Amino acid sequence: MKKQLVKSRFAPSPTGFIHMGNARTALFSALLSRRERGAFVLRIEDTDQERSREEFVHAVQEDLWWLSLQWQEGPVTGGEHGPYRQSERAAVYDQYFDQLVQQDKVYPCFCSTQELNLARKIQVSSGQPPRYSGKCARLSKAEIAEKIDQGLLPTLRFRVPAQQMIEFEDLVRGKQAFKSDEIGDFIIRRADGTTAFFFCNAVDDALMGVTHVLRGEDHLTNTPRQLLILDALGLDKPQYGHISLIVGHDGSPLSKRHGSRSIRELREQGYLADAVTNYLARLGHHYESDAYMDIDQLAANFDVARLGRSPARYDAHQLLHWQHQALARASLSDIWEWMGSAVHDIVPEDHRADFIETIRPNISFPEHAARWARIVYTDPLLLDDHAREIVAAAGKHFFAQALQSVAGHASDFKAFAKAVGQLSGAKGKDLFLPLRVALTGEAGGPEMARLMPLLGEERVRARLEACLVD
RNA sequence: GCUCCCUUCGUCUAGUGGCCUAGGACAUCGCCCUCUCACGGCGAGAACAGGGGUUCGAAACCCCUAGGGAGCGCCA
């Protein structure tokens with residue numbers, strides 16, 4: 001028997017930029033199929049025409065691409081189960097709506113929004129779960145015809161069978177069981193004729209041959225509804241896995257106020273894609289190794305059995321750790337590009353490699369690189385109050401001696417410092433700190449031994465001289 | 001309100017009844033390296049939500065409580 005190809009999918013609705021939670025779901029899904037050498041499908045769920053925007057359709061694709069989560073089937077790539085945008089699949093859905101109508105598994109509902117809202121309010125206030133009453137479930141053909149003649153536009157509701165247990169094995173949470181009586185008849189087609197999530201999402205997964213659906217925990221109670229639809233239609237059911245949500249430091253749903261950002265913002269801020277994937281792949285999932293992995297290694301070692309069930313808190317510290325890991329491994333050309341024009345405009349071409357290797361361990365973001373580029377290559381060097389204090393404390397005499405010592409080893413900091421030490425008698429912190437501050441304006445930073453050759457003799461002299469005047 | 005889910009160091013997590021004196025990573029602190037800062041190396045402190053059971057034995061199994069979350073939409 002041929003082993004079924006693993007097919008996973010990511011099905012965003014283009015109503016905004018993808019955030020960490022979304023991105024992690026996409027990542028897990030992509031890693032799953034990548035590990036099995038299966039296929040990853042991207043499907044755009046744009047049935048909500050009010051909120052869907054073309055700009056976000058593009059943004060989602062760009063962001064996934066940036067994260068190295070390429071899809072084998074979907075927009076642009078194509079595939080045999082297209083189209084991959086739900087707004088273009090109306091004909092497909094109509095066919096299946098017809099099938100359900102034939103089988104009397106659905107019925108038109110003429111209840112107005114106001115009516116439904118009111119009913120819900122009453123149910124909630126009397127301690128009942130807000131569930132559709134089934135008012136239109138028993139309308140006769142004549143009643144239906146009459147309402148349609150009046151110009152009323154019905155929604156289509158799915159008849160949920162009574163007294164049934166709906167069971168499935170969740171990839172993450174194990175055995176799940178729901179009572180059908182706890183599910184009200186739900187809408188699968190809106191009054192305007194567009195298809196509702198429960199329906200198109202489930203039908204498309206089946207039609208596209210998706211075998212594994214990894215999605216947020218918020219969908220857990222949607223699953224029995226979708227299983228019901230798939231059963232009614234006689235379509236294949238994928239396996240579902242519901243991933244816990246990402247929350248903020250206080251355990252409440254992740255939001256801007258927790259420092260949560262869209263993938264786009266993370267990228268604009270200078271986070272490396274590998275840093276983001278290494279971090280996200282370990283939020284609610286664990287690897288035996290704590291070592292940095294590229295996307296293929298992340299995939300090779302990914303395992304749904306290692307997905308956690310409890311919500312994970314977003315922690316900027318940990319993301320930053322992976323940023324440093326990624327930065328330490330990035331190629332010279334990648335880092336150069338990452339540093340951006342602020343650095344490109346300042347750093348001489350023949351200094352590129354040295355400049356990068358010198359500051360690499362000391363920076364996290366392009367803005368830091370830009371700062372060091374300005375420090376090293378632009379004059380005059382401006383000292384802040386703290387730096388002035390250190391310079392003043394060392395004294396003019398010290399810098400005069402330093403200036404004398406430059407000759408002969410302007411590119412050899414070790415020898416230079418030794419000479420200054422011998423002349424001035426200063427050592428340790430008293431020796432190094434004033435030199436560092438005079439030369440860079442900073443009390444800390446990359447190795448002076450590497451920085452000094454970048455500065456060059458002329459600049460070193462000028463900066464030491466600057467410390468001789470008030 | 002009802003239904004469902006979750007709960008191990010500050011954080012991410014390991015843990016499938018004895019390998020647990022609860023392991024690792026991030027963060028924090030300390031030491032070493034360096035005549036400075038960082039990088040790096042070594043080390044320290046730090047957790048089974050609470051209460052009852054079951055068992056020779058419980059972080060693990062059961063029940064209750066507490067706290068957190070989700071769903072109950074003509075959103076997805």
Side-chain angles (χ1 to χ4, degrees), chain A residues 11-15 45-48 50-52 86 109 111-113 116-117 120 123-132 153-157 170 172-173 176-179 182-184 186-198 200-201 215-225 242 244-245 247 249-253 279 282-291 305-306 308-322 324 328 359-363 414 417-418 421 426-437 440 442-449:
Chain A
S13 65
T15 55
E45 306 224 325
D46 54 353
T47 57
D48 182 348
E50 293 282 298
R51 300 198 303 148
S52 294
Q86 291 186 326
C109 171
C111 297
S112 70
T113 308
L116 293 170
N117 286 344
R120 262 193 291 275
Q123 284 171 317
V124 169
S125 63
S126 67
Q128 296 296 307
R131 228 174 268 151
Y132 182 60
L153 292 173
T155 61
L156 201 60
R157 277 188 195 270
D170 191 279
V172 178
R173 285 152 203 281
Q176 303 291 314
F178 296 87
K179 297 189 184 91
E182 284 167 7
I183 304 169
F186 52 90
I187 290 171
I188 59 174
R189 189 177 62 200
R190 305 182 186 103
D192 65 3
T194 59
T195 310
F197 167 79
F198 291 121
C200 50
N201 180 267
R215 47 167 34 166
E217 190 197 359
D218 47 337
H219 286 292
L220 187 61
T221 53
N222 292 162
T223 307
R225 292 172 173 72
H242 292 90
S244 60
L245 271 17
V247 297
H249 57 83
D250 56 357
S252 66
Y279 174 60
R282 287 174 170 86
L283 248 196
H285 175 269
H286 91 275
Y287 287 98
E288 278 178 39
S289 165
D290 288 315
R306 291 208 274 248
R309 276 166 292 266
S310 53
R313 291 175 198 226
Y314 166 69
D315 181 5
H317 276 304
Q318 268 161 77
L319 177 55
L320 194 58
H321 169 250
W322 293 111
H324 291 146
I359 69 166
R360 192 203 281 261
N362 290 270
I363 60 171
K414 230 178 149 121
K418 192 173 179 183
K427 56 183 180 179
K429 202 163 184 158
D430 292 336
L431 171 61
F432 284 86
L433 193 56
L435 290 179
R436 176 180 276 286
V437 168
T440 69
E442 297 290 323
E447 279 184 67
M448 283 308 298

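Everything numeric in this text was worked out from a predicted model, so none of it was measured. By convention in this document, chain letters (A, B, ...) are assigned in the order of the sequence lines, proteins followed by strands, and residues within each chain are numbered from 1.
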Quick check on RNA chain B: between A:H249 and A:T194, whose nearest nucleotide comes earlier from the 5' end?
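Result: A:H249.
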Which sits closer to the 5' end of RNA chain B, A:Q176 or A:A417, going by the nucleotide each is nearest to?
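Per heavy-atom nearest nucleotide, the more 5' residue is A:Q176.
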[M] and [N], which share atom name [atom1], separated by this distance in whole Å:
N      : M      : atom1 : value
B:rA47 : B:rU11 : P     : 12 Å
B:rC26 : B:rA46 : C1'   : 13 Å
B:rC75 : B:rG71 : C1'   : 13 Å
B:rC63 : B:rU7  : P     : 15 Å
B:rU3  : B:rA22 : C1'   : 35 Å
B:rC48 : B:rG23 : C1'   : 13 Å
B:rG57 : B:rC42 : C1'   : 37 Å
B:rG40 : B:rA25 : P     : 13 Å

Any base atoms under 4.0 Å from [X], or only sugar-phosphate, or nothing? Heavy atoms, all strands.
X      : result
A:G251 : sugar-phosphate
A:N222 : base
A:R189 : nothing
A:C200 : nothing
A:K179 : nothing
A:L431 : base
A:H242 : nothing

How about A:R131: does its CZ atom have over 12 heavy atoms from other parts shown lying under 6.0 Å from it?
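Counting other residues, nucleotides and ligands, CZ of A:R131 exceeds 12 neighbours.
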Pair of N/O donor and acceptor under 3.5 Å linking [N] base with [X] side chain:
X      : N      : answer
A:R313 : B:rU11 : no
A:R436 : B:rC37 : yes
A:E182 : B:rU3  : no

What is the distance, to the nearest angstrom, from the [atom1] atom on [X] to the [atom2] atom on [N]?
X      : N      : atom1 : atom2 : answer
A:R309 : B:rU16 : CZ    : P     : 13 Å
A:E217 : B:rU7  : CD    : C1'   : 12 Å
A:H286 : B:rU8  : NE2   : P     : 15 Å
A:L433 : B:rU34 : CG    : C1'   : 15 Å
A:D48  : B:rG73 : CG    : P     : 17 Å
A:Y279 : B:rC26 : OH    : P     : 14 Å
A:H324 : B:rA27 : NE2   : P     : 9 Å
A:L435 : B:rC37 : CG    : P     : 14 Å

From the list [options], which nucleotide is the closest neighbour of the side chain of [X]?
X      : options                : value
A:Q318 : B:rC12, B:rC74, B:rC5  : B:rC12
A:A191 : B:rG73, B:rC74, B:rU13 : B:rC74
A:S252 : B:rC74, B:rG69, B:rG71 : B:rG69
A:P129 : B:rC2, B:rC75, B:rC5   : B:rC2
A:R51  : B:rU36, B:rC75, B:rC74 : B:rC75
A:R173 : B:rA76, B:rC6, B:rC35  : B:rC6
A:P361 : B:rG71, B:rC74, B:rC39 : B:rC39
A:L220 : B:rA27, B:rC74, B:rC4  : B:rC4
A:H321 : B:rC35, B:rC74, B:rA25 : B:rA25
A:D315 : B:rU11, B:rA76, B:rG73 : B:rU11

For [N], give its Watson-Crick or G-U wobble partner with both distances under 3.5 Å, or none.
N      : value
B:rU3  : B:rA70
B:rC42 : B:rG30
B:rA76 : none
B:rC61 : B:rG53
B:rA14 : none

To the nearest 0.5 Å, what is the distance between CZ on A:R157 and SG on A:C111?
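The distance works out to 6.5 Å.
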At what distance, to the nearest 0.5 angstrom, does CD of A:Q86 lie from OG of A:S13?
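Reported value, rounded in 0.5 Å steps: 9.5 Å.
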Do you know the tightest heavy-atom contact between [X] and [Y]?
X      : Y      : result
A:C200 : A:T47  : SG-CG2, 3.9 Å
A:Y279 : A:D315 : OH-N, 2.8 Å
A:V247 : A:P311 : CG1-CB, 4.1 Å
A:D170 : A:H242 : OD2-ND1, 2.6 Å

Hey, is the side chain of A:R225 poking within less than 4.0 Å of OP1 or OP2 on B:rG71, counting only N and O atoms?
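The answer is no; no side-chain N or O of A:R225 sits under 4.0 Å from OP1 or OP2.
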Taking only N and O in the side chain of A:T47, is any of them less than 4.0 Å away from OP1 or OP2 of B:rA76?
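A:T47 to B:rA76 OP1/OP2: side-chain N or O found under 4.0 Å.
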Could you tell me if A:R215 and A:T223 have a donor-acceptor pair between their side chains, going purely by distance under 3.5 Å?
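Indeed, the side chains of A:T223 and A:R215 share at least one donor-acceptor pair under 3.5 Å.
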Donor-acceptor side-chain pairing of A:R225 and A:N222 below 3.5 angstrom
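Side chains of A:R225 and A:N222: no pair found under 3.5 Å.
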